[in-house]
Q: 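First the structure, then my questions, so here it is.
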Amino acid sequence: MADISKTEKLQLHTPDLEELRGVLQAGLEGNFVEVQVCVVECPDLTKEPFKFPVKGLCGNPRITDVGGVPYLVPVVQKHKEYNMNVVSKELELPGAFILGAAAAPSRIVGMNAELMPLVLTEAEGRPAVNSSYFASINPADGQCLQEKYSDRFSDCNFGLLGNLYACEGRSGKVIEVRVKKRTGGYSLVTALRKTLEDHYPDKSLALGGTFIIQKGKAKIHIMPREFSACPLNTNDEVNNWLKHFEVSAPLICQSVLVSRDPGLDLRVEHTHCFSHHGEGGHYYIDTTPDSVEYLGYFMPAEFIYRIDRPRETHSVGRD
(Lines give C-alpha, C1' and ligand atoms only; values in the text may rest on other atoms or scores of the structure.)
Protein backbone atom coordinates (compact mmCIF):
# COMPACT_ATOMS: atom_id res chain seq x y z
CA MET A 1 0.00 0.00 0.00
CA ALA A 2 1.30 3.44 -0.88
CA ASP A 3 2.29 5.94 1.80
CA ILE A 4 -0.34 8.66 1.88
CA SER A 5 0.90 10.40 5.02
CA LYS A 6 2.00 13.54 3.18
CA THR A 7 -1.26 15.17 2.12
CA GLU A 8 -1.35 18.81 1.00
CA LYS A 9 -4.59 20.78 1.39
CA LEU A 10 -5.59 24.01 -0.32
CA GLN A 11 -8.79 26.06 -0.25
CA LEU A 12 -10.30 26.70 -3.68
CA HIS A 13 -12.26 29.68 -4.93
CA THR A 14 -15.97 28.80 -4.75
CA PRO A 15 -18.31 31.37 -6.31
CA ASP A 16 -21.99 30.93 -5.58
CA LEU A 17 -23.90 28.71 -7.98
CA GLU A 18 -25.79 31.53 -9.66
CA GLU A 19 -22.56 33.36 -10.51
CA LEU A 20 -21.05 30.14 -11.86
CA ARG A 21 -24.18 29.48 -13.89
CA GLY A 22 -23.79 32.79 -15.74
CA VAL A 23 -20.07 32.30 -16.33
CA LEU A 24 -20.53 28.79 -17.72
CA GLN A 25 -23.53 29.77 -19.87
CA ALA A 26 -21.51 32.50 -21.60
CA GLY A 27 -18.37 30.41 -21.96
CA LEU A 28 -19.98 27.26 -23.33
CA GLU A 29 -21.79 29.23 -26.04
CA GLY A 30 -18.43 29.53 -27.77
CA ASN A 31 -18.19 25.74 -28.12
CA PHE A 32 -21.79 24.51 -28.59
CA VAL A 33 -24.81 25.64 -30.64
CA GLU A 34 -27.37 25.05 -27.88
CA VAL A 35 -26.42 25.81 -24.27
CA GLN A 36 -28.62 25.86 -21.19
CA VAL A 37 -26.98 26.15 -17.76
CA CYS A 38 -29.27 26.25 -14.71
CA VAL A 39 -29.17 25.90 -10.95
CA VAL A 40 -31.47 22.98 -10.12
CA GLU A 41 -32.21 20.45 -7.43
CA CYS A 42 -29.92 17.48 -8.01
CA PRO A 43 -31.86 14.60 -9.57
CA ASP A 44 -32.00 11.34 -7.62
CA LEU A 45 -28.75 9.67 -8.70
CA THR A 46 -29.83 6.28 -7.37
CA LYS A 47 -32.23 6.12 -10.32
CA GLU A 48 -31.56 5.24 -13.99
CA PRO A 49 -29.31 5.80 -15.78
CA PHE A 50 -26.87 6.64 -12.96
CA LYS A 51 -27.63 3.99 -10.30
CA PHE A 52 -25.17 5.62 -7.89
CA PRO A 53 -25.16 4.50 -4.23
CA VAL A 54 -26.24 8.01 -3.10
CA LYS A 55 -28.95 10.48 -4.08
CA GLY A 56 -26.91 13.62 -4.72
CA LEU A 57 -23.62 15.48 -5.18
CA CYS A 58 -23.92 17.84 -2.22
CA GLY A 59 -22.43 18.18 1.25
CA ASN A 60 -18.87 19.41 1.87
CA PRO A 61 -17.70 19.00 -1.76
CA ARG A 62 -13.97 18.51 -2.30
CA ILE A 63 -11.61 16.98 -4.82
CA THR A 64 -8.39 15.05 -4.57
CA ASP A 65 -5.54 14.19 -6.90
CA VAL A 66 -4.03 10.92 -5.66
CA GLY A 67 -0.68 9.63 -6.92
CA GLY A 68 -0.25 10.52 -10.57
CA VAL A 69 0.77 9.58 -14.08
CA PRO A 70 4.48 9.49 -13.03
CA TYR A 71 3.60 6.28 -11.15
CA LEU A 72 2.38 4.74 -14.46
CA VAL A 73 4.94 6.06 -16.96
CA PRO A 74 7.72 5.92 -17.96
CA VAL A 75 7.90 2.77 -15.77
CA VAL A 76 5.03 1.49 -13.63
CA GLN A 77 5.34 1.54 -9.83
CA LYS A 78 2.97 -1.29 -8.96
CA HIS A 79 3.28 -0.82 -5.20
CA LYS A 80 1.31 2.42 -5.49
CA GLU A 81 -2.09 1.22 -4.31
CA TYR A 82 -4.72 3.17 -2.42
CA ASN A 83 -7.98 2.52 -0.57
CA MET A 84 -11.10 4.68 -0.89
CA ASN A 85 -11.96 4.34 2.80
CA VAL A 86 -8.51 5.59 3.78
CA VAL A 87 -8.70 8.38 1.20
CA SER A 88 -12.05 9.57 2.60
CA LYS A 89 -10.40 10.02 6.01
CA GLU A 90 -7.49 11.90 4.41
CA LEU A 91 -10.14 14.18 2.89
CA GLU A 92 -11.50 14.82 6.41
CA LEU A 93 -14.81 13.36 5.25
CA PRO A 94 -15.07 9.76 6.49
CA GLY A 95 -18.07 8.03 4.96
CA ALA A 96 -17.88 10.23 1.86
CA PHE A 97 -19.30 9.35 -1.53
CA ILE A 98 -16.46 9.34 -4.07
CA LEU A 99 -16.62 9.37 -7.87
CA GLY A 100 -14.10 10.11 -10.60
CA ALA A 101 -11.39 8.52 -12.72
CA ALA A 102 -8.66 6.13 -11.55
CA ALA A 103 -6.65 3.05 -12.43
CA ALA A 104 -7.81 -0.36 -11.25
CA PRO A 105 -5.67 -2.04 -8.56
CA SER A 106 -3.61 -4.43 -10.70
CA ARG A 107 -2.53 -6.54 -7.70
CA ILE A 108 -6.17 -7.44 -7.02
CA VAL A 109 -7.64 -7.43 -10.52
CA GLY A 110 -4.65 -9.30 -11.95
CA MET A 111 -4.14 -6.90 -14.84
CA ASN A 112 -4.06 -3.24 -15.79
CA ALA A 113 -7.48 -1.63 -16.34
CA GLU A 114 -9.46 1.61 -16.22
CA LEU A 115 -11.54 2.21 -13.06
CA MET A 116 -14.74 4.23 -12.88
CA PRO A 117 -15.02 4.74 -9.10
CA LEU A 118 -18.45 5.07 -7.49
CA VAL A 119 -17.92 4.34 -3.81
CA LEU A 120 -19.88 5.21 -0.70
CA THR A 121 -17.05 4.77 1.80
CA GLU A 122 -17.48 3.03 5.12
CA ALA A 123 -18.74 4.89 8.17
CA GLU A 124 -19.38 3.85 11.76
CA GLY A 125 -21.85 1.01 11.66
CA ARG A 126 -22.10 1.03 7.85
CA PRO A 127 -19.94 -0.96 5.43
CA ALA A 128 -18.74 0.56 2.18
CA VAL A 129 -20.89 0.28 -0.95
CA ASN A 130 -18.80 -0.13 -4.10
CA SER A 131 -20.79 0.54 -7.27
CA SER A 132 -17.68 1.06 -9.44
CA TYR A 133 -17.07 -0.30 -12.92
CA PHE A 134 -13.81 -1.24 -14.57
CA ALA A 135 -12.90 -1.61 -18.22
CA SER A 136 -10.15 -3.78 -19.69
CA ILE A 137 -9.10 -5.18 -23.04
CA ASN A 138 -10.91 -8.45 -23.71
CA PRO A 139 -8.18 -11.01 -24.53
CA ALA A 140 -10.64 -12.93 -26.70
CA ASP A 141 -11.23 -10.19 -29.30
CA GLY A 142 -9.18 -7.13 -28.29
CA GLN A 143 -12.34 -5.11 -27.65
CA CYS A 144 -13.64 -3.29 -24.58
CA LEU A 145 -14.73 -5.44 -21.65
CA GLN A 146 -16.62 -3.53 -18.95
CA GLU A 147 -17.48 -5.21 -15.65
CA LYS A 148 -19.07 -4.21 -12.35
CA TYR A 149 -16.26 -4.22 -9.80
CA SER A 150 -18.30 -5.72 -6.94
CA ASP A 151 -19.33 -8.68 -9.12
CA ARG A 152 -15.74 -9.94 -8.83
CA PHE A 153 -14.04 -8.16 -5.95
CA SER A 154 -14.97 -7.04 -2.43
CA ASP A 155 -12.42 -4.26 -1.75
CA CYS A 156 -12.45 -0.50 -2.43
CA ASN A 157 -8.90 -0.14 -3.73
CA PHE A 158 -7.39 1.59 -6.75
CA GLY A 159 -3.90 1.87 -8.17
CA LEU A 160 -1.32 4.41 -9.32
CA LEU A 161 -3.51 7.48 -9.78
CA GLY A 162 -6.95 8.87 -9.15
CA ASN A 163 -8.77 12.14 -9.71
CA LEU A 164 -11.72 12.07 -7.39
CA TYR A 165 -14.67 14.18 -6.27
CA ALA A 166 -15.95 13.57 -2.75
CA CYS A 167 -19.05 14.78 -0.93
CA GLU A 168 -21.66 13.60 1.57
CA GLY A 169 -23.90 12.34 -1.25
CA ARG A 170 -26.79 14.57 -0.22
CA SER A 171 -29.52 16.12 -2.32
CA GLY A 172 -29.35 19.87 -2.90
CA LYS A 173 -28.76 22.57 -5.48
CA VAL A 174 -26.30 21.78 -8.30
CA ILE A 175 -25.35 23.21 -11.68
CA GLU A 176 -27.13 21.53 -14.58
CA VAL A 177 -25.48 21.77 -18.00
CA ARG A 178 -27.39 20.92 -21.18
CA VAL A 179 -25.53 21.36 -24.48
CA LYS A 180 -26.07 20.17 -28.04
CA LYS A 181 -24.09 20.30 -31.31
CA ARG A 182 -20.42 21.03 -30.72
CA THR A 183 -18.92 23.72 -32.95
CA GLY A 184 -15.66 24.27 -31.05
CA GLY A 185 -12.60 22.08 -30.70
CA TYR A 186 -13.00 21.40 -26.97
CA SER A 187 -14.66 18.47 -25.24
CA LEU A 188 -17.39 19.40 -22.75
CA VAL A 189 -14.93 18.97 -19.87
CA THR A 190 -12.21 21.09 -21.48
CA ALA A 191 -14.78 23.74 -22.42
CA LEU A 192 -15.93 23.95 -18.80
CA ARG A 193 -12.35 24.16 -17.54
CA LYS A 194 -11.22 26.75 -20.11
CA THR A 195 -14.28 28.88 -19.34
CA LEU A 196 -13.36 28.98 -15.66
CA GLU A 197 -9.67 29.54 -16.41
CA ASP A 198 -10.49 32.50 -18.69
CA HIS A 199 -12.98 34.11 -16.32
CA TYR A 200 -10.97 33.61 -13.12
CA PRO A 201 -7.36 33.83 -14.42
CA ASP A 202 -5.71 34.32 -11.02
CA LYS A 203 -7.81 31.83 -9.05
CA SER A 204 -8.12 28.05 -8.83
CA LEU A 205 -11.62 26.59 -9.11
CA ALA A 206 -12.64 22.96 -9.40
CA LEU A 207 -15.77 21.17 -10.53
CA GLY A 208 -16.73 17.57 -9.94
CA GLY A 209 -19.74 15.65 -11.06
CA THR A 210 -21.35 13.48 -13.67
CA PHE A 211 -22.69 13.94 -17.18
CA ILE A 212 -24.49 11.79 -19.73
CA ILE A 213 -23.64 11.70 -23.39
CA GLN A 214 -27.25 11.24 -24.47
CA LYS A 215 -26.73 11.10 -28.23
CA GLY A 216 -23.71 10.51 -30.43
CA LYS A 217 -20.40 8.73 -30.01
CA ALA A 218 -17.17 9.39 -28.13
CA LYS A 219 -13.48 8.61 -28.34
CA ILE A 220 -12.08 6.70 -25.36
CA HIS A 221 -9.00 4.72 -24.45
CA ILE A 222 -8.39 1.66 -22.33
CA MET A 223 -4.95 0.76 -21.03
CA PRO A 224 -3.60 -2.65 -22.14
CA ARG A 225 -3.85 -5.53 -19.66
CA GLU A 226 -0.05 -5.67 -19.42
CA PHE A 227 2.03 -2.69 -18.34
CA SER A 228 4.57 -1.58 -20.93
CA ALA A 229 7.74 -3.67 -20.90
CA CYS A 230 9.81 -0.74 -22.15
CA PRO A 231 9.74 2.80 -20.73
CA LEU A 232 7.17 5.19 -22.21
CA ASN A 233 8.93 8.55 -22.42
CA THR A 234 6.78 10.63 -24.80
CA ASN A 235 3.11 11.31 -25.45
CA ASP A 236 3.42 9.50 -28.78
CA GLU A 237 4.80 6.39 -27.06
CA VAL A 238 1.98 6.49 -24.50
CA ASN A 239 -0.70 6.94 -27.19
CA ASN A 240 0.71 4.07 -29.25
CA TRP A 241 0.58 1.84 -26.16
CA LEU A 242 -3.03 2.77 -25.28
CA LYS A 243 -5.96 1.11 -27.07
CA HIS A 244 -8.42 3.58 -28.57
CA PHE A 245 -12.11 2.99 -29.29
CA GLU A 246 -15.20 4.80 -30.50
CA VAL A 247 -18.14 4.08 -28.18
CA SER A 248 -21.83 4.87 -28.37
CA ALA A 249 -24.31 6.80 -26.25
CA PRO A 250 -25.77 6.66 -23.73
CA LEU A 251 -22.55 7.01 -21.70
CA ILE A 252 -22.45 8.04 -18.05
CA CYS A 253 -19.29 10.04 -17.37
CA GLN A 254 -17.71 11.08 -14.08
CA SER A 255 -15.39 14.02 -14.16
CA VAL A 256 -13.01 16.16 -12.11
CA LEU A 257 -11.54 19.38 -13.47
CA VAL A 258 -9.42 22.22 -12.08
CA SER A 259 -9.26 25.61 -13.79
CA ARG A 260 -5.66 26.30 -12.79
CA ASP A 261 -3.00 24.22 -11.04
CA PRO A 262 -2.06 26.13 -7.86
CA GLY A 263 1.37 24.48 -7.82
CA LEU A 264 0.38 20.97 -6.70
CA ASP A 265 1.35 19.13 -9.92
CA LEU A 266 -2.28 18.35 -10.73
CA ARG A 267 -3.89 16.58 -13.62
CA VAL A 268 -6.22 19.44 -14.47
CA GLU A 269 -8.96 17.28 -15.97
CA HIS A 270 -9.76 13.58 -15.95
CA THR A 271 -12.97 11.84 -17.00
CA HIS A 272 -13.98 8.19 -17.16
CA CYS A 273 -17.26 6.80 -18.48
CA PHE A 274 -19.34 3.66 -18.19
CA SER A 275 -22.51 2.43 -19.84
CA HIS A 276 -25.26 -0.13 -19.43
CA HIS A 277 -24.35 -1.70 -22.78
CA GLY A 278 -20.82 -2.83 -21.89
CA GLU A 279 -18.65 0.07 -23.11
CA GLY A 280 -16.52 2.30 -20.92
CA GLY A 281 -13.09 3.81 -20.32
CA HIS A 282 -11.20 7.12 -20.38
CA TYR A 283 -13.18 9.84 -22.20
CA TYR A 284 -11.47 12.29 -24.55
CA ILE A 285 -14.15 13.97 -26.68
CA ASP A 286 -17.27 13.23 -28.69
CA THR A 287 -16.70 12.14 -32.30
CA THR A 288 -20.11 13.23 -33.58
CA PRO A 289 -20.15 17.01 -33.03
CA ASP A 290 -23.19 17.63 -35.25
CA SER A 291 -25.47 15.35 -33.27
CA VAL A 292 -23.96 15.13 -29.77
CA GLU A 293 -26.11 15.95 -26.74
CA TYR A 294 -24.83 16.27 -23.17
CA LEU A 295 -26.63 16.55 -19.84
CA GLY A 296 -24.48 17.11 -16.76
CA TYR A 297 -24.62 17.89 -13.05
CA PHE A 298 -21.69 19.55 -11.33
CA MET A 299 -20.64 21.10 -8.03
CA PRO A 300 -17.75 23.46 -7.23
CA ALA A 301 -15.29 21.94 -4.76
CA GLU A 302 -14.30 23.86 -1.65
CA PHE A 303 -10.92 22.18 -1.16
CA ILE A 304 -8.27 20.25 -3.07
CA TYR A 305 -6.23 17.55 -1.32
CA ARG A 306 -3.00 16.41 -2.99
CA ILE A 307 -2.26 12.88 -1.79
CA ASP A 308 1.06 11.07 -2.38
CA ARG A 309 2.33 13.63 -4.87
CA PRO A 310 5.15 12.14 -7.00
CA ARG A 311 8.59 13.52 -6.12
CA GLU A 312 9.83 13.01 -9.66
CA THR A 313 7.34 14.35 -12.16
CA HIS A 314 6.76 15.07 -15.86
CA SER A 315 3.94 16.19 -18.14
CA VAL A 316 3.70 13.06 -20.32
CA GLY A 317 0.42 11.11 -20.62
CA ARG A 318 -2.00 13.57 -19.06
CA ASP A 319 -4.50 14.02 -21.93
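Here, residue 1 is the first one in the sequence, and each next residue gets the next number. Just so it is clear, the structure is predicted and the values come from calculations on it, not from any experiment.
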Q: Give the C-alpha distance, both sets of side-chain angles, the deciding distance and a yes or no for salt bridge (charged side-chain N to carboxylate O under 4.0 Å, His left out) between E41 and K173.
A: CA-CA 4 Å; E41 198 71 25; K173 298 290 187 189; 3.7 Å; yes

Q: Testing T7, I307, N163 for side chain to side chain contact (heavy atoms under 4.5 Å, CB included) with T64, which one passes?
A: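 It is I307, the one option of T7, I307, N163 that forms the side chain to side chain contact (heavy atoms under 4.5 Å, CB included) with T64.
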
Q: Just one of R182, K219, E269, R193 clears the side chain to side chain contact (heavy atoms under 4.5 Å, CB included) bar with S187, so which one?
A: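 It is E269, the one option of R182, K219, E269, R193 that forms the side chain to side chain contact (heavy atoms under 4.5 Å, CB included) with S187.
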
Q: Please determine which of D261, L91, V256, L266 meets the side chain to side chain contact (heavy atoms under 4.5 Å, CB included) test together with I304.
A: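 Only match with I304 under side chain to side chain contact (heavy atoms under 4.5 Å, CB included): L266.
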
Q: Using 30° and 60° as the class limits, which term best fits the ring planes of F153 and Y149: parallel, tilted or perpendicular?
A: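 The rings of F153 and Y149 sit tilted, inter-plane angle from 30° to 60°.
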
Q: For a quick test of your reading: what N or O donor-acceptor pairs under 3.5 Å do the side chains of residues 205-218 make, sequence neighbours left out?
A:
unit_1 : atom_1 : unit_2 : atom_2 : d
T210   : OG1    : C253   : O      : 2.8

Q: Should Y165 and Q254 be marked as a side-chain hydrogen bond (donor to acceptor under 3.5 Å, both in side chains) after you check the CA-CA gap, both sets of side-chain angles, and the distance that decides it?
A: CA-CA 9 Å; Y165 170 81; Q254 40 212 54; over 6 Å; no

Q: Is there a side-chain contact between E81 and I108 (heavy atoms, below 4.5 Å)?
A: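 Yes, side chains in contact.
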
Q: Taking only residues two or more places apart in sequence or in another chain, which ones pass side-chain hydrogen bond (donor to acceptor under 3.5 Å, both in side chains) with S275?
A: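 Scan of S275 (side-chain hydrogen bond (donor to acceptor under 3.5 Å, both in side chains), adjacent residues dropped) gives none.
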
Q: Would T121 and I98 count as a side chain to side chain contact (heavy atoms under 4.5 Å, CB included) here? Give the steps.
A: CA-CA 7 Å; T121 58; I98 297 176; 3.8 Å; yes

Q: Pick one: which of V189, L188, T271 meets side chain to side chain contact (heavy atoms under 4.5 Å, CB included) with L257?
A: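 Answer after filtering V189, L188, T271: V189.
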
Q: Within this structure, what is the NZ-CZ distance for the pair K80 and F158, rounded to the nearest 0.5 Å?
A: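 Taking NZ in K80 and CZ in F158, the distance rounds to 12.0 Å.
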
Q: Would a line drawn from the ring center of H272 to the ring center of F274 be shorter than 6.0 Å?
A: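 Ring-ring flag for H272/F274: false, centres at least 6.0 Å apart.
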
Q: Taking only residues two or more places apart in sequence or in another chain, which ones pass side chain to side chain contact (heavy atoms under 4.5 Å, CB included) with D141?
A: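 N138, Q143.
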
Q: Over 60° means perpendicular and under 30° means parallel, so tell me whether Y283 and Y294 are parallel, tilted or perpendicular.
A: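 Answer is perpendicular, since the angle exceeds 60°.
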
